[in-house]
Amino acid sequence: MPSYGIDRILKLLPHRYPFLLIDKVEDYAEDGSHLVAIKNVTMNEPFFQGHFPGKPIMPGVLHVEAIAQACGLMCLSATTKDATGGATAYDTILTGIEGARFRRMIIPGDTMRIETTLIMHRTFAGQSMGKAKGVVTIDGKLATEATLSFALIPRKEEA
């Protein structure tokens with residue numbers, strides 16, 4: 001069962017604190033078809049200051065963002081080589097959300113288990129696109145589910 005921590009996550013994703021919503025990857029398929037990620041939700045998250053005072057609840061949009069980041073890691077964890085054999089750098093861009101359902105609240109102290117499965121991936125006219133299903137569970141109980149569409153684009157080097 002391959003896994004990795006925050007060092008590799010930071011190499012693969014452009015997100016940084018406070019918007020990085022993945023703490024570690026517990027398992028992934030090297031072909032980019034499946035990934036399981038973990039997010040430990042703590043009271044220190046900046047969004048809890050206003051959502052909601054006295055009753056902290058993780059905003060649903062951030063559940064979906066965590067799924068999107070896990071989908072990005074799923075695709076970017078796959079071995080991608082350029083013509084010279086070197087690793088190529090890509091970013092995943094969210095292009096659509098379908099069937100998002102929020103089944104339970106996520107609160108401080110919860111551990112989000114984010115499981116993503118690739119539904120479709122294709123390259124058309126030089127553009128790489130895909131669709132994946134994401135499910136968030138807390139203690140084995142369904143919290144959130146959504147199907148996301150995305151595009152893979154070459155990462156631009158900073159000037």
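Between Ala66 and Met112, the closest heavy-atom pair is CB-CE, 3.9 Å. Between Ala143 and Ile138, the shortest heavy-atom distance links the atoms CB-CG1, 3.9 Å.
Ser3 has its side chain out of reach of Asp27: every pair of non-hydrogen atoms, C-beta onward, lies at least 4.5 Å apart. Using a 4.5 Å cut-off on side-chain heavy atoms (C-beta onward), Leu152 and Thr123 make no contact. No side-chain heavy atom of Asp23 sits less than 4.5 Å from a side-chain heavy atom of Ile9. Residues Val64 and Leu148 are in side-chain contact: their nearest non-hydrogen atoms beyond the backbone lie under 4.5 Å apart. At a threshold of 4.5 Å between non-hydrogen side-chain atoms, the residues Ser77 and Val25 do not count as touching.
Note on residues 4-30: pairs passing ring-ring contact (aromatic ring centres under 6.0 Å, His included), not counting sequence neighbours, are Tyr4-Tyr28. Residues in residues 7-19 take part in no salt bridge (charged side-chain N to carboxylate O under 4.0 Å, His left out) pair, two or more places apart or across chains. A salt bridge (charged side-chain N to carboxylate O under 4.0 Å, His left out) check over residues 114-130, counting only residues at least two apart or in different chains, returns the pairs Arg113-Glu115. Within the structure, the salt bridge (charged side-chain N to carboxylate O under 4.0 Å, His left out) test picks out the following pairs touching residues 45-67 (sequence neighbours left out): Lys39-Glu45.
Val41 and Ile57 are members of different hydrophobic clusters when ILVMFWY side chains are connected at heavy-atom separations under 4.5 Å. Linking Ile, Leu, Val, Met, Phe, Trp and Tyr whenever their side-chain heavy atoms come within less than 4.5 Å leaves Phe48 and Phe52 in two separate clusters. When hydrophobic clusters are built by joining Ile, Leu, Val, Met, Phe, Trp and Tyr residues whose side-chain heavy atoms come closer than 4.5 Å, directly or via intermediates, Ile114 is grouped together with Leu10.
Hydrophobic cluster membership for Val36: none, as no Ile, Leu, Val, Met, Phe, Trp or Tyr side chain comes under 4.5 Å of it. The hydrophobic cluster around Met129 extends to Phe124, counting ILVMFWY residues whose side-chain heavy atoms fall within less than 4.5 Å of a member. Think of Val135 as one node in a network of Ile, Leu, Val, Met, Phe, Trp and Tyr side chains linked at under 4.5 Å; its network also takes in Leu142.
Scanning for side chain to side chain contact (heavy atoms under 4.5 Å, CB included) contacts around Pro59 gives Phe47, His51, Val61, Leu62, with sequence neighbours left out. In this structure Asp110 satisfies the salt bridge (charged side-chain N to carboxylate O under 4.0 Å, His left out) test with no other residue, sequence neighbours excluded. With sequence neighbours left out, Thr92 forms a side-chain hydrogen bond (donor to acceptor under 3.5 Å, both in side chains) with no residue at all. Contacts of Thr111 classified as side chain to side chain contact (heavy atoms under 4.5 Å, CB included), with partners at least two apart in sequence or in another chain: Ile38, Asn40.
His34 places a side-chain N or O within donor-acceptor distance of the main-chain N or O of Thr116, the cut-off being under 3.5 Å. Using modelled atom types, one side-chain atom of Thr95 and one backbone atom of Ser149 make a donor-acceptor pair closer than 3.5 Å. Remark: the backbone N or O of Met58 is paired with a side-chain donor or acceptor of His63 at under 3.5 angstrom. Panel note: side chain Asp139, backbone Lys141; no donor-acceptor pair is recorded below 3.5 Å.
Atom CD of residue Gln69 and atom CG of residue Leu21 lie 4.5 Å apart, to the nearest 0.5 angstrom. Rounding to the nearest 0.5 angstrom, the gap separating the CG atom in Leu118 from the CG atom in Asp31 is 8.5 Å. Put simply, SG on Cys71 and CZ on Phe150 are 6.5 Å apart, with the number rounded to the nearest 0.5 Å. Atom CG of Leu73 sits about 6.0 Å away from atom CG of Leu35, to the nearest 0.5 Å. Considering CD1 of Ile67 and OG1 of Thr147, their distance stands at 9.0 Å, rounded to 0.5 Å.
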Quick one: side chains of residues 97-109, donor-acceptor pairs under 3.5 Å with protein atoms, not counting sequence neighbours, listed by atom name and distance.
residue, atom, partner, partner atom, Å
Glu98, OE2, Lys131, NZ, 2.9
Arg103, NE, Glu145, OE2, 3.3
Arg103, NH2, Glu145, OE2, 3.0

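Within 6.0 Å of the NZ atom in Lys133, the count of heavy atoms belonging to other residues, nucleotides or ligands exceeds 12. Residue Gln127 places its CD atom among more than 12 non-hydrogen atoms of other residues, nucleotides or ligands, all under 6.0 Å distant.
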